[in-house]
Trainee: 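The structure that follows is given in the form of structure tokens.
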Amino acid sequence: MDLVIGPLDLSAHVDEALAVQAVAFGLGSDEVAVRRQIVLRHMTYPGARALGATTGGRLVGFVYGMPNDRTHWWSTVVEPYLRAQGRDTWLDDSFVITELHVHPDHQNRGIGRSLITTITDGAAEPRSILSAIDTDSPARALYRSLGYRDLARQVLFPSAPKPYAVMGAPLPLRRR
């Protein structure tokens with residue numbers, strides 16, 4: 001496989017990336033339209049950056065994140081759940097993985113692992129946080145294998161049909 005992991009101008013390639021996310025996450029066109037605006041807004045935040053995984057010139061996966069800011073929407077939603085567990089300090093000095101998706105035809109090949117480790121390797125923060133649907137899944141297994149642990153579970157996001165878990169890991173991430 002001629003896989004290339006490298007910087008991605010996510011604003012310029014938002015539609016390509018969201019096509020991957022739509023297939024990987026089962027999103028409809030209305031959800032994609034909403035997420036498009038969110039991604040474009042996120043990419044204007046200080047320190048936001050993205051990586052893409054391409055093969056044959058085609059985007060098959062992407063990750064993006066940024067230094068966490070307690071004033072951002074995600075932080076305001078998860079903060080009470082983390083505070084209840086005595087873990088809200090994880091919101092400070094953390095690099096948040098906002099999205100990580102790999103097209104299903106290319107999953108289980110180490111692409112997600114390469115994307116998340118590469119983006120966090122470039123982080124100035126001492127730790128990383130993220131949220132994932134709160135169920136046993138290949139994604140959560142990947143995060144655990146990298147050193148992420150549950151900080152809060154059964155986190156409810158407005159309009160999300162399933163609860164999420166907030167996970168955190170010290171950086172650099174654990175390698176196999």
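Everything quoted here is computed from the prediction, not taken from an experiment.
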Trainee: Grab the two heavy atoms, one from Ala53 and one from Leu3, that are nearest each other, plus how far apart they are.
Mentor: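 Closest heavy-atom pair between Ala53 and Leu3: CB-CD1, 3.9 Å.
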Trainee: Mind checking whether Leu130 and Phe95 have side chains closer than 4.5 Å, heavy atoms only?
Mentor: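 When only atoms from C-beta onward are counted, Phe95 and Leu130 do not touch, as no gap falls below 4.5 Å.
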Trainee: Is a donor on one side and an acceptor on the other found under 3.5 Å between the side chain of Arg174 and the backbone of Ala169?
Mentor: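 No, Arg174 side chain to Ala169 backbone: no donor-acceptor pair under 3.5 Å.
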Trainee: Of all heavy-atom pairs between Pro67 and Pro46, which one has the smallest distance, and what is that distance?
Mentor: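 Residues Pro67 and Pro46, closest heavy atoms: CD-O, 3.6 Å.
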Trainee: Would Trp74 and Leu151 show up in the same hydrophobic cluster when neighbours are defined by side-chain heavy atoms closer than 4.5 Å?
Mentor: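 Both belong to a single hydrophobic cluster.
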Trainee: Can you confirm whether Asn68 sits close enough to Ser75 that some side-chain heavy atom of one is under 4.5 Å from a side-chain heavy atom of the other?
Mentor: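 The answer is yes, as the side chains (C-beta and beyond) meet within the 4.5 Å cut-off.
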Trainee: Drop me the distance from Asp2's CG to Thr55's OG1, to the nearest 0.5 angstrom.
Mentor: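 Result: 3.5 Å between the selected atoms.
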Trainee: For Arg149, what residues pass the salt bridge (Lys or Arg N to Asp or Glu O under 4.0 Å) criterion, not counting sequence neighbours?
Mentor: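 Residues passing salt bridge (Lys or Arg N to Asp or Glu O under 4.0 Å) with Arg149: none at all.
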Trainee: Among His42, His101, Arg49, whose side chain to side chain donor-acceptor pair (under 3.5 Å) with Tyr64 holds?
Mentor: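 Result: among His42, His101, Arg49, His42 is the only option passing the side chain to side chain donor-acceptor pair (under 3.5 Å) with Tyr64.
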Trainee: Suppose we screen for side-chain contact (heavy atoms from CB on, under 4.5 Å). Which residues come up paired with Ser114, at least two apart in sequence or across chains?
Mentor: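 Applying side-chain contact (heavy atoms from CB on, under 4.5 Å) to Ser114 gives Ile5.
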Trainee: Within this structure, what is the CZ-CG distance for the pair Arg35 and Leu40, rounded to the nearest 0.5 Å?
Mentor: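 Answer for the CZ-CG pair, Arg35 versus Leu40, is 14.0 Å.
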Trainee: Report the residue from Leu173, Val63, Leu51 that forms a side chain to side chain contact (heavy atoms under 4.5 Å, CB included) with Thr118.
Mentor: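 The residue from Leu173, Val63, Leu51 that satisfies side chain to side chain contact (heavy atoms under 4.5 Å, CB included) with Thr118 turns out to be Leu51.
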Trainee: Backbone N or O of Arg140 within a donor-acceptor pair of the Ser137 side chain at under 3.5 Å?
Mentor: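 Flag set: sc Ser137 to bb Arg140 pair under 3.5 Å.
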Trainee: Can the ring centroids of His72 and Tyr45 be said to lie less than 6.0 angstrom from one another?
Mentor: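 Yes, ring centres under 6.0 Å apart.
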Trainee: Using atom types as modelled and distance alone, determine if a side-chain donor or acceptor of Tyr81 lies under 3.5 Å from a backbone N or O of Leu156.
Mentor: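 The answer is yes, because a donor-acceptor pair under 3.5 Å joins these two groups.
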Trainee: For Val166 and Tyr148, run side-chain contact (heavy atoms from CB on, under 4.5 Å): C-alpha distance rounded to whole Å, both residues' side-chain angles, the deciding distance at 0.1 Å, then the answer.
Mentor: CA-CA 9 Å; Val166 176; Tyr148 285 89; over 6 Å; no
Trainee: Taking salt bridge (Lys or Arg N to Asp or Glu O under 4.0 Å) as the definition, give me every residue that meets it alongside Asp136, ordered by chain and number, with sequence neighbours left out.
Mentor: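 By the salt bridge (Lys or Arg N to Asp or Glu O under 4.0 Å) rule, Asp136 matches Arg144.
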Trainee: Here's a test for you: under side chain to side chain contact (heavy atoms under 4.5 Å, CB included), which of Arg87, Glu79, Gln85 qualifies with Arg83?
Mentor: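 For Arg83, the side chain to side chain contact (heavy atoms under 4.5 Å, CB included) check succeeds only for Glu79.
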Trainee: I'd like to check Asp134 versus Gln154 (side-chain heavy atoms, cut-off strictly below 4.5 Å). Are they in contact?
Mentor: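 Touching, per the 4.5 Å side-chain cut-off.
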Trainee: Measure from the side-chain N and O atoms of Asp150 to the backbone N and O of Ala152, and report whether any donor-acceptor pair falls under 3.5 Å.
Mentor: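 Looks like no, no N/O pair under 3.5 Å.
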Trainee: Mind checking what makes salt bridge (Lys or Arg N to Asp or Glu O under 4.0 Å) contact with Asp88, not counting sequence neighbours?
Mentor: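 Listed in chain order: Arg70.
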Trainee: What's the spacing between Ile119 CD1 and Leu8 CG if we round to 0.5 Å?
Mentor: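 Going from the CD1 atom of Ile119 to the CG atom of Leu8 covers 9.5 Å.
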Trainee: Is it the case that the ring center of Phe157 lies less than 6.0 angstrom away from the ring center of Trp73?
Mentor: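 Yes, close enough.
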Trainee: Roughly how far apart are Ser94 OG and Glu125 CD, rounded to 0.5 Å?
Mentor: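 Answer rounded to 0.5 Å: 7.5 Å.
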Trainee: Where do Pro170 and Gly147 come nearest, in terms of heavy atoms and distance?
Mentor: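 Taking Pro170 first and Gly147 second, the nearest heavy atoms are CD-O, 4.2 Å.
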Trainee: What is the minimum heavy-atom distance between Leu10 and Met43, and which atoms define it?
Mentor: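 Reported closest heavy-atom pair: CD2-SD, 3.8 Å.
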Trainee: With side-chain contact (heavy atoms from CB on, under 4.5 Å) as the test, would you mind laying out the steps for Tyr143 and Ile116 before giving the verdict?
Mentor: CA-CA 9 Å; Tyr143 302 144; Ile116 196 169; 3.9 Å; yes
Trainee: Side chains of Ile129 and Ile97: does their closest heavy-atom pair fall under 4.5 Å?
Mentor: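 No, every pair of side-chain atoms sits at 4.5 Å or beyond.
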Trainee: Would you sort out whether His106 and Arg58 count as a side-chain contact (heavy atoms from CB on, under 4.5 Å), showing the intermediate values?
Mentor: CA-CA 11 Å; His106 297 273; Arg58 185 171 153 247; 3.7 Å; yes
Trainee: To the nearest 0.5 Å, how far apart are CZ in Phe62 and CD1 in Ile111?
Mentor: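 If I round to the nearest 0.5 Å, the distance is 13.5 Å.
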Trainee: Return the CG to CE distance between Leu146 and Met167, rounded to the nearest 0.5 Å.
Mentor: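 Rounded to the nearest 0.5 Å, the CG-CE separation comes to 9.5 Å.
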Trainee: Between Glu31 (side chain only) and Gly28 (backbone N and O only), is there a donor and an acceptor less than 3.5 Å apart?
Mentor: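 Judged by distance alone, yes, a pair lies under 3.5 Å.
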Trainee: Determine whether Phe25 and Ile133 satisfy the following criterion, side-chain contact (heavy atoms from CB on, under 4.5 Å), listing intermediate values before the conclusion.
Mentor: CA-CA 11 Å; Phe25 217 54; Ile133 294 174; 3.8 Å; yes
Trainee: Are any non-hydrogen side-chain atoms of Val96 and Met66 less than 4.5 angstrom apart?
Mentor: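 Yes, at least one pair of side-chain atoms sits under 4.5 Å.
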Trainee: Less than 4.5 Å apart, any side-chain heavy atom of Val60 and any of Asp105?
Mentor: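 In short, these two side chains do not touch, never coming nearer than 4.5 Å.
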Trainee: Once salt bridge (Lys or Arg N to Asp or Glu O under 4.0 Å) is applied, do any residues pair with Asp121, and if so which ones, sequence neighbours excluded?
Mentor: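 Residues passing salt bridge (Lys or Arg N to Asp or Glu O under 4.0 Å) with Asp121: Arg175.
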Trainee: So do the side chains of Val20 and Val102 get within less than 4.5 Å of each other, counting heavy atoms only?
Mentor: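 Side-chain contact under 4.5 Å: no.
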Trainee: Restricting to non-hydrogen atoms, name the atom on Arg127 and the atom on Asp93 that form the minimum distance, rounded to 0.1 Å.
Mentor: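 That closest heavy-atom pairing would be CG-O, 3.4 Å.
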Trainee: Does a side-chain heavy-atom distance below 4.5 Å link Leu171 with Pro126?
Mentor: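 Not in contact.
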Trainee: How close do Thr98 and Gly65 get, heavy atom to heavy atom, and via which atoms?
Mentor: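 Of all heavy-atom pairs spanning Thr98 and Gly65, the closest is OG1-CA, 3.7 Å.
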Trainee: Under the salt bridge (charged side-chain N to carboxylate O under 4.0 Å, His left out) definition, can you give me all pairs with a residue in residues 7-28, not counting sequence neighbours?
Mentor: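 Listed once each, the pairs are Asp15-Arg36.
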